[in-house]
Novice: 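Sharing a structure here in structure tokens format.
Numbering of residues begins at 1 and proceeds along the displayed sequence.
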Amino acid sequence: MSSQSAGTLRARYVDQAASDLEENRQRQRELAEKIAMLKQEEGLLVDILALAERYEGAADPSRLPEQAQDEPALTPAKRVAKATPATATSTKAASTSKNTARADVKGKSRQPLLGDILLELLGTHDEPRPAKELRDELLEKHPNRTPTPQVVRNTLESLVAKGRIRRHKQQRSVMYTLVEPARRRTAAAEAGAD
């Protein structure tokens with residue numbers, strides 16, 4: 001083997017090793033960012049569980065207290081932001097958008113909850129109503145609200161689970177009606193006894 005071919009071979013090995021090292025470091029940065037995101041998500045989920053446990057014994061679980069508008073939001077993002085410089089930048093952008101959103105909410109009056117609107121719409125009918133008709137009526141009476149059909153169905157199923165409305169299946173159609181007030185109190189009393 002000549003000294004020229006050995007030098008060329010050595011140069012190729014050095015180039016390959018340098019390339020592999022850079023690729024390895026890039027993957028480490030990507031994984032560190034992903035770990036930081038997962039830790040942030042974990043913090044949010046822990047906060048949600050703590051909140052759910054705190055209000056588990058509330059009389060009406062559909063009415064959880066709202067965060068005061070002037071109260072600062074407790075975000076686990078601040079704890080995780082120290083992990084990497086890349087996440088610190090994205091956390092600052094997220095907090096800026098949250099502050100902007102909070103400022104927008106302060107200037108506007110609160111809209112009623114979708115579940116409350118659907119209950120109101122169901123109260124105007126005696127016969128069972130399909131989710132599609134309820135959504136169409138919602139869009140007609142509240143043009144500023146544009147929930148997707150899936151969101152309407154999910155909200156209706158949530159109300160069924162809470163015992164506030166009843167689901168009727170007719171062949172392949174699913175329809176909903178209000179639970180009579182006397183039955184609603186009985187269902188609430190039974191749920192409270194459990």
Side-chain angles (χ1 to χ4, degrees), residues 40-77 93-194:
Q40 183 178 5
E41 185 178 329
E42 176 189 28
L44 289 171
L45 292 171
V46 166
D47 290 346
I48 289 170
L49 285 175
L51 184 65
E53 289 172 0
R54 186 180 328 154
Y55 293 105
E56 192 172 283
D60 185 6
S62 66
R63 298 274 184 202
L64 294 179
E66 297 293 325
Q67 178 177 341
Q69 293 299 320
D70 56 349
E71 180 181 326
L74 298 175
T75 60
S95 67
T96 303
S97 66
K98 285 180 189 175
N99 290 340
T100 306
R102 191 176 296 133
D104 289 345
V105 171
K106 283 184 183 179
K108 296 180 183 175
S109 62
R110 282 192 61 116
Q111 292 184 343
L113 298 174
L114 180 59
D116 293 338
I117 295 172
L118 291 171
L119 285 171
E120 180 184 313
L121 294 174
L122 279 170
T124 62
H125 303 283
D126 293 331
E127 71 282 348
R129 307 278 296 174
K132 181 186 183 328
E133 288 180 17
L134 286 168
R135 180 176 181 269
D136 293 342
E137 191 175 345
L138 171 84
L139 293 174
E140 182 182 310
K141 291 186 177 179
H142 299 273
N144 59 333
R145 302 291 294 257
T146 56
T148 63
Q150 185 64 48
V151 168
V152 171
R153 285 193 301 270
N154 290 348
T155 304
L156 289 167
E157 287 302 319
S158 171
L159 292 170
V160 168
K162 292 175 185 174
R164 299 177 77 185
I165 64 173
R166 173 174 285 147
R167 179 189 319 115
H168 304 274
K169 291 187 179 180
Q170 298 175 353
Q171 295 170 347
R172 296 183 67 191
S173 299
V174 179
M175 300 187 177
Y176 302 91
T177 56
L178 274 180
V179 172
E180 296 87 39
R183 275 200 184 152
R184 194 178 313 150
R185 281 192 293 273
T186 306
E190 289 173 0
D194 292 341

Novice: Rounded at 0.5 Å granularity, tell me how far CD in E157 sits from CD in Q150.
Specialist: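 Answer rounded to 0.5 Å: 9.5 Å.
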
Novice: Taking C-beta and beyond as the side chain, do L113 and T155 meet within less than 4.5 Å on heavy atoms?
Specialist: no

Novice: For V160 and R166, which heavy atoms make the closest approach, and how far apart are they?
Specialist: CG2-C, 4.4 Å

Novice: Taking all non-hydrogen atoms of both residues into account, name the closest pair between Y176 and I165 and its distance.
Specialist: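 The answer is CD2-CD1, 3.7 Å.
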
Novice: First locate atom CZ of R167, then atom OG1 of T177, and finally report the distance between them rounded to the nearest 0.5 Å.
Specialist: 11.0 Å

Novice: To the nearest 0.5 Å, what is the distance between CD (E120) and CG (L138)?
Specialist: 10.0 Å

Novice: Determine all donor-acceptor pairs shorter than 3.5 Å in which one atom belongs to a side chain in residues 126-134; sequence neighbours excluded.
Specialist:
{"unit_1": "R129", "atom_1": "NH1", "unit_2": "E133", "atom_2": "OE1", "d": "3.1"}
{"unit_1": "R129", "atom_1": "NH2", "unit_2": "E137", "atom_2": "OE1", "d": "3.3"}
{"unit_1": "K132", "atom_1": "NZ", "unit_2": "D136", "atom_2": "OD2", "d": "3.1"}

Novice: Rounded at 0.5 Å granularity, tell me how far NE2 in H142 sits from CG in L121.
Specialist: 6.0 Å

Novice: Might you point out which heavy atoms bring L139 and P147 nearest each other, and give the distance in Å?
Specialist: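 Taking L139 first and P147 second, the nearest heavy atoms are CD2-CD, 4.3 Å.
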
Novice: Could you check whether any side-chain heavy atom of D47 comes within less than 4.5 Å of a side-chain heavy atom of L51, counting everything from C-beta outward?
Specialist: no

Novice: Give the minimum heavy-atom separation between T148 and R135, together with the two atoms involved.
Specialist: C-NE, 3.6 Å

Novice: Roughly how far, to the nearest 0.5 Å, is CZ of R145 from CD1 of I117?
Specialist: 4.0 Å

Novice: Would you compute the distance between atom CG of L156 and atom CG of L114 and round it to the nearest 0.5 angstrom?
Specialist: 8.0 Å

Novice: Please check this pair: side chain of S158 against backbone of N154, looking for a donor-acceptor N/O pair closer than 3.5 Å.
Specialist: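 Judged by distance alone, no pair lies under 3.5 Å.
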
